[in-house]
Amino acid sequence: MTELLLTNSAGGGKSVFKPMDPEHIRMYVCGPTVYNLVHIGNARPVVVFDTLFRVLQALYPKVTYARNITDIDDKIIVAARERDTDIMTLTQEFTDKFRQDMAALNNLDPSIEPQATAHVEAMLDLTARLIERGHAYVSEGHVLFDVTSMEDYGELSGRNLEDMLAGARVEVSSYKRHPGDFVLWKPSRDDDPGWDSDYGRGRPGWHLECSAMIHQHLGDNIDIHGGGRDLIFPHHENERAQSCCGYGGSFVGTWMHNAYVDMDGEKMSKSLGNVRTVRELLEQYSGETLRFALLSAHYRSPLNFSKELLDNAQATLDGFYLALRNAGDTAAEASDAHLSPVFSALLDDLNTPEAIAELHQLAKALNKASENEKAAAKAALLAGGAVLGILSEDPVAWLSKSDPDGLTAEVIDQMLIDRAEAKANRNFSRADAIRDELNGAGIIIEDNASGATWRRG
RNA sequence: GGCUCGGUGGCAGAGUGGUGAUGCAGCGGAUUGCAAAUCCGUCUACGCCGGUUCGAUUCCGACCCGAGCCUCCA
């Protein structure tokens with residue numbers, strides 16, 4: 001019996017995942033606000049939930065995975081103004097770049113990628129419902145959610161209104177009845193983007209789009225809702241309030257939140273100015289290496305980001321690809337993902353470090369395999385890699401990945417021919433000099449029964 | 001101030017009421033003309049103090065340290 005265990009951040013710890021409809025799993029993950037390039041911390045939830053998407057697809061006949069694009073937001077308005085362009089041009093550019101970056105990290109496309117600006121009508125409909133039901137009110141051109149109208153407001157994030165006010169960091173505004181009330185709709189100035197509504201020309205508050213889009217595309221109740229830890233409050237708390245009060249229902253079965261990518265023990269964030277964009281990292285490391293690095297810690301633990309982390313990730317992947325390459329042309333047999341120890345590890349709340357440990361065992365088994373065991377061992381390693389979204393490259397291509405600053409393959413091959421000739425003449429000092437020269441250029445030489453091969457180290 | 005998480009060997013990082021994580025690095029060996037790759041073996045660990053228990057790194061309590069959220073945030 002293959003059971004998937006997941007940790008619900010709404011409480012209850014780790015428990016067996018019970019789908020609302022085993023024939024159709026529905027998952028929603030908060031995507032980016034598209035006003036600049038995403039950083040490696042933004043990529044973590046995408047990779048984590050992509051991995052979960054793969055596991056779910058292996059377990060259930062149909063999985064709908066929605067990841068939104070927030071393309072209307074005050075940060076977008078400011079960024080567009082700074083660049084002297086309109087928000088559509090800006091958001092289109094960064095939506096495209098986000099998709100490219102995420103594809104580079106071997107993320108599958110989500111089933112649907114709803115955009116906020118395409119759902120303004122649905123958002124206004126939800127706003128009207130909330131007003132109708134007495135959960136929201138109009139004040140000075142704003143529409144606000146009345147937090148006191150919801151019995152268990154704060155349950156998701158484990159806080160209550162009194163505690164929140166104790167911190168006294170809550171924005172107090174004249175138009176709010178309660179300082180904890182949050183905006184559903186706010187007025188736009190004439191030079192701001194806006195949509196006409198019963199409350200005047202304005203734009204949606206931050207949380208509204210997710211509630212409205214989940215309702216429209218996935219229904220009132222979904223199995224899994226994911227995102228970064230910092231979204232628990234206020235974003236997901238408020239989303240939950242809107243959806244539960246507007247549409248009824250329990251909204252989300254399992255809430256999942258990933259921890260941050262840290263820089264020197266501090267969270268990576270735009271405001272701290274310690275971000276590393278995916279795009280700049282891709283200049284130095286392959287997308288697969290970045291993905292593997294992000295999966296090297298459990299998703300609920302902080303991941304400390306460093307050059308060492310990435311170098312280790314690359315070296316480990318090189319090792320896996322070496323095992324695959326050394327297995328030669330052996331055709332991999334078909335392999336059932338469900339039987340993979342890698343898959344079993346992932347069933348335990350997406351334990352990717354354990355899954356990677358299993359991958360090491362599979363690679364070792366492949367290295368030790370006899371000729372008639374190779375096909376199965378190779379298949380097992382590839383199947384294990386596939387569920388993690390790695391090891392999909394051709395091993396030879398991976399190990400000889402082109403390097404514009406390095407020696408070309410033609411030059412290297414010629415040097416190896418020269419070296420082989422020197423070796424044949426037992427001129428080892430000449431042979432070693434060639435190898436040293438190649439080593440100096442970052443090329444590692446391996447001799448074996450059939451001659452010499454090379455890879456970039 | 002309120003509310004959450006964490007602290008595991010040189011490093012990264014799982015897990016568990018009682019023998020193994022795993023990887024990198026180190027050390028020893030096999031193999032090699034020498035290497036590389038691979039294989040075999042091997043050292044180093046659970047923040048601090050109490051409690052529960054036959055037995056605690058694991059459960060409970062206090063303490064120390066670190067991180068996060070409290071209306072910008074993955």
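Just so we're on the same page: letters track the sequence lines, and every chain starts at 1. Keep in mind that the numbers below use all heavy atoms, side chains included, and drop hydrogens, waters and symmetry copies.
Across all strands, F233(A) comes closer than 4.0 Å only to sugar-phosphate atoms, never to a base (heavy-atom distances). Residue contacts shown for R159(A) include a base, since a base heavy atom lies under 4.0 Å away. Residue V261(A) is in base contact, counting any heavy-atom pair closer than 4.0 Å across all strands shown. Counting non-hydrogen atoms under 4.0 angstrom, G41(A) reaches a base of the nucleic acid. Among the atoms of the strands shown, none is found under 4.0 Å from any heavy atom of T453(A). Across all strands, E358(A) comes closer than 4.0 Å to no nucleic acid atom at all (heavy-atom distances). Base engagement by D432(A) is indicated by at least one non-hydrogen atom pair under 4.0 Å involving a base atom. I445(A) comes within contact range of at least one nucleobase, with a heavy-atom separation under 4.0 Å. Contacts of N326(A) with the nucleic acid, taken as non-hydrogen atoms under 4.0 Å apart, involve only primed sugar atoms and P, OP1 or OP2.
Between C63(B) and C49(B), the distance separating the two P atoms is 16 Å to the nearest Å. The C1' atoms of A14(B) and G20(B) are separated by 13 Å, rounded to the nearest whole Å. When the P atom is compared between G9(B) and C46(B), the two are found 8 Å apart, to the nearest whole Å. Across the P atoms, U52(B) and G13(B) are found 35 Å apart, a figure rounded to whole Å. C40(B) and A25(B): their P atoms are spaced 16 Å apart (whole Å). Taking the P atoms as reference points, G61(B) lies 13 Å from U4(B), given to the whole Å. Nucleotides U58(B) and G51(B) place their C1' atoms 15 Å apart, quoted to the nearest Å. Annotation: A12(B) and G28(B) have their C1' atoms spaced 24 Å apart (nearest Å).
If you check A74(B), C11(B), G33(B) against the side chain of K423(A), the one that comes closest is G33(B). Distances from the side chain of E446(A) to the nucleotides G23(B), G13(B), A36(B) place A36(B) closest. Side chain of D447(A), nearest nucleotide from A35(B), G13(B), A74(B): A35(B). The side chain of K267(A) lies closest to C69(B) when the candidates are U22(B), C69(B), A74(B). Comparing A14(B), G23(B), G68(B) against the side chain of T316(A) picks out G23(B) as the nearest. Comparing A36(B), C39(B), C73(B) by their closest approach to the side chain of D230(A) singles out C73(B). Here A14(B) is the nucleotide among A14(B), C73(B), C40(B) with the atom lying nearest to any side-chain atom of H298(A). In the set A74(B), C70(B), A14(B), C70(B) carries the atom at the smallest distance from any side-chain atom of P234(A).
In this structure, CE of M268(A) is placed 13 Å from P of G68(B), rounded to the nearest angstrom. Distance CG (L5(A)) to P (G15(B)): 12 Å, rounded to an integer number of Å. Atom pair L310(A):CG and C24(B):P shows a separation of 17 Å (rounding to whole Å applied). Rounded to whole Å, the distance from CG on L161(A) to P on U71(B) is 13 Å. Atom NZ in K307(A) sits roughly 15 Å away from atom C1' in C11(B) (whole-Å rounding). In this structure, F428(A) atom CZ and U32(B) atom C1' are separated by 10 Å, rounded to whole Å. As a whole-Å value, the separation of N160(A) CG from C3(B) P is 9 Å. Between M102(A) atom CE and A74(B) atom C1' the separation is 11 Å, expressed in whole Å.
Between R455(A) and A37(B) there is a side-chain N or O to OP1 or OP2 distance below 4.0 Å. Residue S301(A) places at least one side-chain N or O closer than 4.0 Å to OP1 or OP2 of A14(B). For N258(A) and A74(B), the shortest distance from a side-chain N or O to OP1 or OP2 is not below 4.0 Å. Taking only side-chain nitrogens and oxygens, K176(A) never comes nearer than 4.0 Å to OP1 or OP2 of U71(B). At A36(B), none of the side-chain N or O atoms of W454(A) fall inside 4.0 Å of OP1 or OP2 (strictly under the cut-off). OP1 or OP2 of U22(B) has not a single side-chain nitrogen or oxygen of K364(A) nearer than 4.0 Å.
Put simply, the side chain of R435(A) and the base of C34(B) share a donor and an acceptor less than 3.5 Å apart. The base of C73(B) does not come close enough to the side chain of K75(A) for any donor and acceptor atom to sit less than 3.5 Å apart.
Between N439(A) and G158(A), the one whose closest nucleotide on RNA chain B sits nearer the 5' end is G158(A). Both N367(A) and V147(A) lie close to RNA chain B; mapped to their nearest nucleotides by heavy-atom distance, the more 5′-ward contact belongs to N367(A).
Taking CH2 from W255(A) and CD1 from I232(A), the interatomic distance works out to 9.5 Å, rounded to the nearest 0.5 Å. Rounded to the nearest 0.5 angstrom, Q242(A) CD and C210(A) SG are separated by 8.5 Å. Taken to the nearest 0.5 Å, the CG atom of L105(A) stands 13.5 Å off from the CZ atom of R44(A).
Of the residues listed (D447(A), D432(A), D418(A)), the one engaging K423(A) in a salt bridge (charged side-chain N to carboxylate O under 4.0 Å, His left out) is D447(A), and it is the only one. The residue from L281(A), T277(A), D101(A) that alone fulfils the side-chain contact (heavy atoms from CB on, under 4.5 Å) condition with I40(A) is L281(A).
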Practice problem: Kindly express the pairing pattern of RNA chain B in dot-bracket notation, using | wherever a base pairs with another strand and counting only Watson-Crick or G-U pairs under 3.5 Å. | Solution: (((((((..(((.....[...))).(((((.......)))))....(.(((..]....))).))))))))....
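The shortest non-hydrogen separation linking R456(A) to K401(A) is NE-O, 2.6 Å. Closest approach of H217(A) and I112(A) over heavy atoms only: CB-CD1, 3.5 Å.
A heavy atom lying under 4.0 Å from RNA chain B marks the following residues of residues 343-356 of chain A, by number: N351(A), P353(A), E354(A).
By the 6.0 Å and 45° rule, R159(A) stacks over the aromatic ring of F233(A).
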